[in-house]
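Input: a single structure, listed below in structure tokens.
Source: prediction; values computed, not measured. Reminder, nothing fancy here: chain letters follow the sequence lines and each chain counts from 1.
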Amino acid sequence: MIIEDTRLFPYDDIEPKWQKFWQDIRLTSVDTADARNKYYCLMMFPYPSAALHVGHGRNYIIGDVVARYKMMRGFKVLSPMGFDAFGLPAENAAIKGGIPPKTSTLNNIKKMKSQFADWGVGYDWDKEVISCLPDYYKWTQWIFVKLYEKGLAYKKKAFVNWCPSCKTVLANEQVVEGKCERCSTEVNQKDLEQWFFRITNYADRLLKDLDKLTEWPERVKIMQKNWIGRSDGVEIDFKIEGSEDILKCFTTRIDTIYGATFLALAPEHPLVPKLIKGSKDEAALLKCVQKMRDESKIERSATDVEKEGIFTGRYVINPVNNEKIPVWIANYILMEYGTGAIMAVPAHDQRDFEFAKKYDLPIRVVIDDPKDPLDAGAMKTSYEAVGVMVNSGQFNGLSSDVSLEKIADHFEEKKLGKRAVQYKLRDWLISRQRYWGAPIPIIYCPKCGIVPVPEKDLPVILPEDVEFRPTGESPLKLSKDFVNTKCPVCGAAATRETDTMDTFVDSSWYYLRYITPHLNDKPFDKETVNKWLPVDQYIGGVEHAILHLLYSRFITKFLKDIDAIGFDEPFKNLFTQGMITKNGIKMSKSKGNVVAPDELIKKYGADTVRLYTLFIGPPEKDAEWSDRGVEGAYRFLGRVWRLVLGYKDNRPSAGKTDPKKWDALKRKTHQTIKKVTEDLDGGFHFNTAISSIMELVNETYDCMGQAAKDDKASEDILTEAVQTVVILLSPFVPNISEEMWQRLGKKNSIFKAGWPVCDKSAMVEESLTIVVQVNGKVRSRIEVPSGIAEEKLKEAVLTDVKIKSFVDGKDIKDFIIVPNKLVNIVIR
RNA sequence: GCCGAAGUGGUGGAAUGGCAUACACGAUGGUCUCAAAAACCAUUAAGCGUAAGCUUGUGUGGGUUCGACUCCCACCUUCGGCACCA
């Protein structure tokens, strides 16, 4: 029995053949010692998950297109890949299935690498980094120690999600509707000593330097700016009645100080226990405070959620008029922002307004609306705009924006407070009470206190013979061999820190390691790194717009400050790609809407899957996956395949004769070169680049049905069109393009062939079609010679039959000409 | 809730102040074939009209403009992030 070959082209022969060929000629291998003409193309390194889906593929395919295109433009392209290999899922798998995290992680990496190969994406695997291996995390720990030495790593108490039943800390993800995902126990907030990085010291530089990032998407910069959240204001010292303590409040609206009718504290505020101590309602107050503290932060900051509060029974003194102001505790005040205490001005802040209404607190207008005077009793919402000062002593009658500065001056002169800057950005909590992460290199000595592990003793190795408990408790705490050690300073018996680092620390410097990945005596070679960085093109998901990118920028700035590197921004160009959805939602295993690439690649080949992924839509936007669309891409490649193999002998010698078509094909060829080049240089417009190549293919087929105007000339035009199609397609579909290139009789790899250049003289058109509108509506189209004079054009338009019927007998008010495109006749 | 983004045919999308729906998918009809697949040809926003053509139409409502998918204001819906998923 003969099984018929139903493939449109022999992708399964082609793909392994050329992938081996590229390996043999070391197409993607780069010696970083020589950085001349370098181009560093980087994709965000992935967390190793068991199976990649087509949504993941988008990132790698986009990066591969960029790398191959730049290669063809003559750059020395470094495109490395690695794995962000520490993290929660591997640990969960170990707890559930008993497979050690290292084993499952390395298995996943192996699977992923074979999937990369299936997609035909090429990396310089000599540069691979894996963040969970000691040769890498040694240097993550080294960065921690450097930060510690500079006072930028420190310990303080912070709240964590705590499951009282499992006796373990939970990630936000492990808290489902306020309950532990493992045992469904109500989760509460627990105070724990934890390690932080002082990223807030860099807040201002991280903010200001966003201006340097001219090649970043504006939306990402805006998100970072809002995340850093700089605000300028005044810190006021409120004296507490009957106490020596003072309450510090930060406000951006010092102009409203005379309207403060209560103070509100976060339930976590350190003075809360002291303030309510001895009160007759102490027990009830404490209970209420605890309830507020257990609410999640997102709930608490939501403005549509019911505001809750309780009066402490204490008062402070308003420094501008010596008024007694009651002190409340309120759920909408967050300890993390500002001082954890606010002066509440119900008349001029909506949240305070709602709180005052609920608890019947006074509302006093101190800024009046100049157009519509306010009546405190009748207000439905707060008045937050600029206005005229009233009820504000010596400042009455001034504009509120002027008194903002005057009152601030007044506070500083009388030493009642001082101008201050606040950031929303908080210090980076890097402690994780987990096993599968880089151990924090700290030793606690009973005599010497906190001692960082000296560089010569790094890495602090994560032990592998540990016991995983079903509760999720960190096995590090239970490992005596790990915990018990000697103090590196005095040699006394000491214990190790058992917290590990947030995986964002691992990923905040990996792009530096790629350049010189095998050094054992330093994290990277400074000189080489300085030549290759910043990264020329960084590509990844928009979901990383804030955290990962901000942390990387911070670590880069820190390394610059300690003179480890010579630049202070890591990524010059940033591209954030959209998600691939299926049935309107993000692809994920748990949703059961994952499209696996394996079967598609088997059925249509990698080039087809690549082409469809790129054609699906603008890469920065989300896109809906359709298996049908894949078939379309497959058929297109089949069409190109037949064109390339058969264009020479498949041409009819007689038929319709239209010599103009040949000139048009030459023009189209060069227009397509221009369009594709612009689409790749000006942005990542792969979808429109591909559609323009499709148009060229369609026009080439159309031309083949025409008799030649002269054999040699049309032969040349046709050959040029076909070769152009192949070379323009090559970054998108490398395997089939390389095969077709060789079949066209070329000897070298298509990626060494150089990018085609468009010939402007070939694009000149003799005549143009001008759209003619009457009052903005298209009424006709006329053919005119290109470069026609304005008067001649007017004449041609007005003698057009269709236009005459609209214009005759009417007053022409205006005659608008858009050169080479359109005219619009405005009639009354 | 806050911050960011997006809403265009049956579907993915194109057009960033100048021809709305390029390119593709799907669908319908046809050619080839014993048949199918593949390929090729034609039609494909809606409504009216025998036709030439006309009218409406880019989430909703308003505005700016000779001209608006594009700019401005308000609203609605969907998606991403919100600091222990990475």
Side-chain angles (χ1 to χ4, degrees), chain A residues 4 6 8 44-47 49 84 86-89 92 160-161 169-175 194 217-227 229 297-305 332 336 351 424-434 502-504 506-507 541-548 550-551 576 578-579 581 584-586 612 615-618 620-633 635-636 638-639 642 685 687-688 690-695 698 701 769-778 781 802 813-816 818 821-827:
Chain A
E4 220 181 318
T6 55
L8 297 179
M44 289 182 185
F45 73 162
Y47 177 79
S49 52
D84 190 10
F86 274 132
L88 195 55
N92 284 343
V160 289
N161 301 311
V169 177
L170 298 178
N172 287 344
E173 200 188 51
Q174 296 172 301
V175 182
Q194 312 219 58
E218 205 55 37
R219 61 177 162 153
V220 172
K221 289 196 278 181
I222 291 170
M223 278 194 260
Q224 290 218 351
K225 183 175 176 229
N226 292 337
W227 187 261
K297 305 249 158 54
I298 292 177
E299 269 171 41
R300 276 172 53 185
S301 57
T303 46
D304 63 340
V305 162
Y332 69 99
E336 287 81 4
R351 288 163 309 175
K424 278 210 186 75
L425 182 70
R426 307 198 300 264
D427 275 340
W428 177 8
L429 197 171
I430 59 121
S431 279
R432 298 291 181 269
Q433 291 70 42
R434 298 187 196 290
D502 178 6
T503 56
F504 276 121
D506 309 326
S507 60
V542 70
E543 65 273 18
H544 296 289
I546 297 173
L547 296 178
H548 163 64
L550 195 66
Y551 294 149
T576 54
M579 283 183 316
T581 60
I585 46 171
K586 183 179 179 163
Y612 174 66
F615 186 59
I616 192 166
E620 70 278 11
K621 284 196 199 162
D622 293 351
E624 172 75 14
W625 185 269
S626 133
D627 284 348
R628 291 278 200 176
V630 181
E631 275 179 54
R635 285 205 294 264
F636 170 71
R639 211 164 129 78
R642 291 191 302 276
H685 308 298
N687 54 330
T688 50
I690 291 166
S691 68
S692 68
I693 300 171
M694 287 173 169
E695 285 180 37
N698 291 345
Y701 266 107
T769 305
I770 301 285
V771 172
V772 185
Q773 297 182 330
V774 177
N775 282 351
K777 287 211 163 99
V778 178
R781 266 160 251 264
K802 284 182 199 155
K813 272 179 69 184
D814 210 348
F815 198 97
I816 290 150
V818 181
K821 261 189 195 161
L822 168 144
V823 301
N824 185 16
I825 305 166
V826 187
I827 57 173

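Atom CD of A/Q224 and atom C1' of B/rC2 are 17 Å apart (whole Å). Rounding to whole angstrom units, CZ of residue A/F815 and C1' of B/rG18 are separated by 14 Å. Atom pair A/Y332:OH and B/rC2:P shows a separation of 16 Å (rounding to whole Å applied). Atom pair A/I546:CD1 and B/rG4:P shows a separation of 10 Å (rounding to whole Å applied). Put simply, CG on A/D627 is 12 Å from P on B/rG26, counting in whole angstrom units. With rounding to whole Å, A/F636 atom CZ is found 10 Å from B/rC23 atom C1'. The nearest whole Å value for the distance from the CD atom in A/E218 to the P atom in B/rA5 is 9 Å.
B/rU21 and B/rU70 have their C1' atoms separated by 15 Å, given to the nearest Å. Comparing the C1' positions of B/rC48 and B/rG57 gives an interatomic distance of 15 Å, to the nearest angstrom. Comparing the same atom, C1', in B/rA5 and in B/rG10 gives a spacing of 26 Å after rounding to whole Å. Using P as the reference atom, B/rC40 and B/rU50 are 36 Å apart when rounded to the nearest Å. Separation of the C1' atoms belonging to B/rG4 and B/rG12 is 24 Å when rounded to the nearest angstrom. Separating the C1' atom of B/rU56 from that of B/rG9 is a span of 14 Å, rounded to the nearest Å. Remark: the separation of the C1' atoms in B/rG81 and B/rC66 is 44 Å, to the nearest Å. Spacing of C1' atoms, B/rA15 relative to B/rA68, comes out at 13 Å, to the nearest Å.
The backbone N or O of A/A545 lies less than 3.5 Å from a partner atom in the side chain of A/Q224, making a donor-acceptor pair. Here the side chain of A/T576 pairs no donor or acceptor atom with the backbone of A/G541 at under 3.5 angstrom. A donor-acceptor pair is defined here as one N or O able to donate and one able to accept, closer than 3.5 Å; such a pair exists between the side chain of A/D622 and the backbone of A/M579. Remark: the backbone N or O of A/I827 is paired with a side-chain donor or acceptor of A/N775 at under 3.5 angstrom.
The side chain of A/W227 lies closest to B/rC82, out of B/rC3, B/rA5, B/rC82.
A/K424 comes within contact range of at least one nucleobase, with a heavy-atom separation under 4.0 Å. In this structure, A/M579 reaches the sugar-phosphate backbone alone: every heavy-atom distance under 4.0 Å involves primed, P, OP1 or OP2 atoms, never a base. Nucleic acid contact class of A/V818 (heavy atoms, under 4.0 Å, all strands): base. Counting any heavy atom pair closer than 4.0 Å across all strands shown, A/L822 reaches a base atom.
Interatomic distance, OG1 of A/T503 versus CZ of A/R434, reported as 10.5 Å (0.5 Å rounding). Between A/H548 atom NE2 and A/M44 atom CE the span is 5.0 Å, to the nearest 0.5 Å. Rounding to the nearest 0.5 angstrom, the gap separating the CD1 atom in A/I825 from the CZ atom in A/F815 is 5.0 Å.
With sequence neighbours left out, the side-chain hydrogen bond (donor to acceptor under 3.5 Å, both in side chains) criterion links A/D627 to A/W625. Applying the ring-ring contact (aromatic ring centres under 6.0 Å, His included) rule to A/Y551 yields the partners A/W428, A/F504; only residues at least two apart in sequence or on another chain are considered. Partners of A/S507 under the side-chain hydrogen bond (donor to acceptor under 3.5 Å, both in side chains) rule, at least two apart in sequence or in another chain, do not exist in this structure. Qualifying salt bridge (charged side-chain N to carboxylate O under 4.0 Å, His left out) partners for A/D502, counting only residues two or more places apart in sequence or in other chains: A/R432. Looking at residues two or more places apart in sequence or on another chain, you find a side-chain hydrogen bond (donor to acceptor under 3.5 Å, both in side chains) between A/E695 and A/K668. Every residue was checked against the side-chain hydrogen bond (donor to acceptor under 3.5 Å, both in side chains) condition with A/N92, not counting sequence neighbours, and none meets it. Applying the side-chain contact (heavy atoms from CB on, under 4.5 Å) test to A/K225 and every residue at least two apart in sequence or in another chain returns A/L207, A/L210.
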Reading nucleotides 40-51 of chain B 5' to 3', which nucleotides get B (base under 4.0 Å from a protein heavy atom), which S (sugar-phosphate only), which -?
S-----------

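In this structure, B/rG9 shows a glycosidic angle within 90 degrees of zero, which is the syn conformation.
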Polar-atom pairs under 3.5 Å, protein N or O versus N or O of nucleotides 66-70 of chain B: list them with distances, or write none.
residue	atom	partner	partner atom	Å
B/rC66	O2	A/N824	ND2	2.4

Set out, line by line, the N/O atom pairs under 3.5 Å between protein and nucleotides 9-16 of chain B.
residue	atom	partner	partner atom	Å
B/rG12	O2'	A/I616	O	2.6
B/rG13	OP1	A/D622	O	3.4
B/rA14	OP1	A/N687	ND2	2.8

Check: protein-nucleotides 84-86 of chain B nitrogen or oxygen pairs below 3.5 Å:
residue	atom	partner	partner atom	Å
B/rC84	OP2	A/R432	NH2	2.9
B/rC84	O4'	A/R432	NE	3.2
B/rC84	O4'	A/R432	NH2	3.4
B/rC84	O3'	A/N172	N	3.3
B/rC84	O2'	A/N172	N	2.5
B/rC84	O2	A/R434	NH2	2.6
B/rC84	N4	A/Q194	OE1	3.1
B/rC84	N4	A/S431	O	3.4
B/rC84	N4	A/Q433	OE1	2.8
B/rC85	OP2	A/N172	N	3.4
B/rC85	OP2	A/E173	N	2.7
B/rC85	O4'	A/E173	OE1	3.2
B/rC85	O4'	A/E173	OE2	3.3
B/rA86	OP1	A/L88	N	2.9
B/rA86	O3'	A/D84	OD2	2.5

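Of the side-chain N and O atoms in A/R635, one or more sit less than 4.0 angstrom from OP1 or OP2 of B/rC25. The side chain of A/N226 contributes no N or O atom lying less than 4.0 Å from OP1 or OP2 of B/rC82.
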Reading RNA chain B 5' to 3', what string of ( ), [ ], | and . shows its pairs, if Watson-Crick and G-U wobble pairs count only when both distances fall under 3.5 Å?
(((((((..(((.....[....)))((((((.......))))))((((....))))..(((((..]....))))))))))))....

